[in-house]
Asks: 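First, the structure itself, so that you have it in front of you.
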Amino acid sequence: MENKRFEITETAGSVKGFYVVVDKETGVNYLVAKFGAGAGICPKCQNRSRRHPPVGI
């Protein structure tokens, strides 16, 4: 079964390895950097007055 919770919405132009991923359940956007065997993920803060609690809390 394929997971439809996350969707890749955009990639960073000519720089390969950067993606913006949206969590459809919470609406949180994440910046994902993937190069070779390494990867990192960070939530994008779009509005400081609107905070998203971690899932499960």
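All values reported here derive from a predicted model rather than from experimental measurement. Just so you know, these numbers use all the heavy atoms, side chains as well, and skip hydrogens, waters and symmetry mates.
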Asks: Which heavy-atom pair separates F35 from G17 by the least distance, and what is that distance?
Replies: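 Closest pair (atom of F35, atom of G17, distance): CE2-CA, 4.1 Å.
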
Asks: Which value, rounded to the nearest 0.5 Å, describes the distance between E7 atom CD and K24 atom NZ?
Replies: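 Output value for this atom pair is 4.5 Å.
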
Asks: Check L31 against K44 and note the closest heavy-atom contact, atom names and distance.
Replies: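 Residues L31 and K44, closest heavy atoms: N-CG, 4.0 Å.
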
Asks: Any link between V22 and V32 through a network of hydrophobic side chains (Ile, Leu, Val, Met, Phe, Trp, Tyr) touching at under 4.5 Å?
Replies: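 Each belongs to a different hydrophobic cluster.
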
Asks: For residues 28-40, pull every pair meeting salt bridge (Lys or Arg N to Asp or Glu O under 4.0 Å), keeping only residues two or more places apart or in separate chains.
Replies: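 Salt bridge (Lys or Arg N to Asp or Glu O under 4.0 Å) check on residues 28-40 returns no pairs.
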
